[in-house]
Structure formats: C-alpha cells, structure tokens
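Computed from a prediction, not measured in an experiment: that's the story for all the values here.
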Amino acid sequence: MNALIQHQALSYQTAMSLAALVADYAEQENLHICISILCPKGAMLVSLNMNKAPLHSAKIALDKAYTSASFGLASHSWKQKLASQTETLNALSLQPKFTSLGGGFPLIYQGEVIAAIGVSGASEKEDMQCAQIAINALSSLLEARL
C-alpha cells in the first residue's frame, strides 16, 4: 500500500495558452465567451472574459469547469446520464457550482484529469465547440513543453 498518491495537474502557463487558443477561435467565429480553467481540485488557474461576453457567463463557465473537475465528466453528460432519474438530477442542480449545461469538460492526459475547462457565452453547442479547441490542443501543447 502506498502512503502517498501523486497527481499531475496542468500548469498555469499551459492553462493560459489553452485559454488564448480558445479565445482566438471564438474571436474568429465572432463569439463573445468566458473561459474558466480549473485544477483537478477546483481551484482557478485561468479566468478569461472576452469583451462583450454576457456578464453571467463568467460564473456559468466556472460552474461548468467545476462540475467537470468534480466528476471527471463533461457537464452536459449529466442530462443523458440521469435522464430517467430526474429527482437525482434536480438534487444535483441545487448544489453550488453544479450545472448540466454543455461547455464543461475534464482535460485528461495519460488517463488522469489534470484540469477542467468551462466555456459560456455563446450557444451551448458553440460553447462545447470552443472547449473542444482546448481538448484538441492539449496533448501537442503538453508534449512540446515536457
């Protein structure tokens, strides 16, 4: 039995690079979003609010990232996962920082959640597409820095 468990976590520098890539994509698509990237324990690494992003989007992006960091699942997956258990979904929805809105994803490297991203401000589908930019760039960005 191991007395200590080691975990990997995304550096703030890499989190900033991912957020910039997502913001650049959103700007090209003429979207105005907020981006939150959290460590696996839910602490903020990066919060980026684009000009003209809706005010509520900053907190919603945080909630999406927190939900994904907490459970290691995409935030939107709860709708399908608990489709037949509405009481459970309703109970979870009452918890602070929980949301089943799409746009939150765990950032996974070598099978381990190393961070989570949440995007809000556009449509749910567009938020998810923006977050996917970070997911797609993650491995190559990490490999270039390791």
Side chains of I35 and V46 in contact at under 4.5 Å (non-hydrogen atoms) | no
Euclidean distance, F71 CZ relative to S77 OG, rounded to 0.5 Å | 9.5 Å
So do K64 and S120 actually touch side chain to side chain, heavy atoms under 4.5 Å?
-> yes
Are M44 and V22 connected in the hydrophobic side-chain network, where two residues link if heavy atoms are under 4.5 Å apart?
-> no
Where is the tightest heavy-atom contact between I37 and A115, given as atom of each residue plus distance?
-> CG2-CB, 4.2 Å
Go through the structure and list residues passing salt bridge (charged side-chain N to carboxylate O under 4.0 Å, His left out) with E112, not counting sequence neighbours.
-> none
Taking atom types as modelled, find out whether S123 and E126 have a side-chain donor-acceptor pair closer than 3.5 angstrom.
-> yes
Separation of Q110 CD from S139 OG (nearest 0.5 Å) | 8.5 Å
Out of curiosity, D127 CG to Q129 CD, how far, rounded to the nearest 0.5 Å?
-> 9.5 Å
Partner set under ring pair (Phe, Tyr, Trp, His ring centres under 6.0 Å) for Y25, not counting sequence neighbours | none
Side chains of I114 and L142: closer than 4.5 Å at any heavy-atom pair?
-> yes
Show every donor-acceptor pair shorter than 3.5 Å between a side-chain atom in residues 80-107 and any protein atom, with sequence neighbours excluded, or say none if there are none.
from	atom 1	to	atom 2	distance (Å)
N90	ND2	T86	O	3.2
S93	OG	L89	O	2.9
T99	OG1	L101	N	3.1

Is it the case that one hydrophobic cluster holds both L31 and L62, taking links as side-chain heavy atoms less than 4.5 Å apart, direct or via other members?
-> no
From CG (N136) to CG (L141), nearest 0.5 Å = 12.0 Å
L18 vs L10 side-chain heavy atoms within contact, under 4.5 Å | yes
Do the side chains of I117 and L73 join up, straight or via other hydrophobic residues, at under 4.5 Å, putting them in one cluster?
-> no
In short, ring-ring contact (aromatic ring centres under 6.0 Å, His included) pairs touching residues 112-139 with sequence neighbours left out are none
Side-chain donor-acceptor pair under 3.5 Å between S17 and T14, yes or no?
-> no
L38 side chain near L45 side chain, heavy-atom distance below 4.5 Å = no
Donor-acceptor side-chain pairing of D24 and Q28 below 3.5 angstrom = no
Rounded to the nearest 0.5 Å, how far does NE2 of H76 lie from OG of S68?
-> 9.0 Å
Apply the test salt bridge (charged side-chain N to carboxylate O under 4.0 Å, His left out) to residues E124 and K79: give CA-CA distance (whole Å), side-chain angles for both, the deciding distance (0.1 Å), then the verdict.
-> CA-CA 13 Å; E124 195 170 4; K79 290 177 194 172; 2.8 Å; yes
How long is the gap from CE on M50 to SG on C130, to the nearest 0.5 Å?
-> 8.0 Å
What is the minimum heavy-atom distance between A58 and C34, and which atoms define it?
-> N-SG, 3.5 Å
Using a 4.5 Å side-chain heavy-atom cut-off and chaining through intermediate ILVMFWY residues, the residues clustered with I108 come out as V113
Is Y66 reachable from M128 through a run of hydrophobic residues whose side-chain heavy atoms are each under 4.5 Å from the next?
-> no
Contact check, side chains of T67 and W78, non-hydrogen atoms, under 4.5 Å = yes
Would one find more than 12 heavy atoms of other residues, nucleotides or ligands at under 6.0 Å from atom CD of Q13?
-> yes
Sorted by first residue and then second, give each side chain to side chain donor-acceptor pair (under 3.5 Å) pair with at least one member in residues 37-53; sequence neighbours left out.
-> none
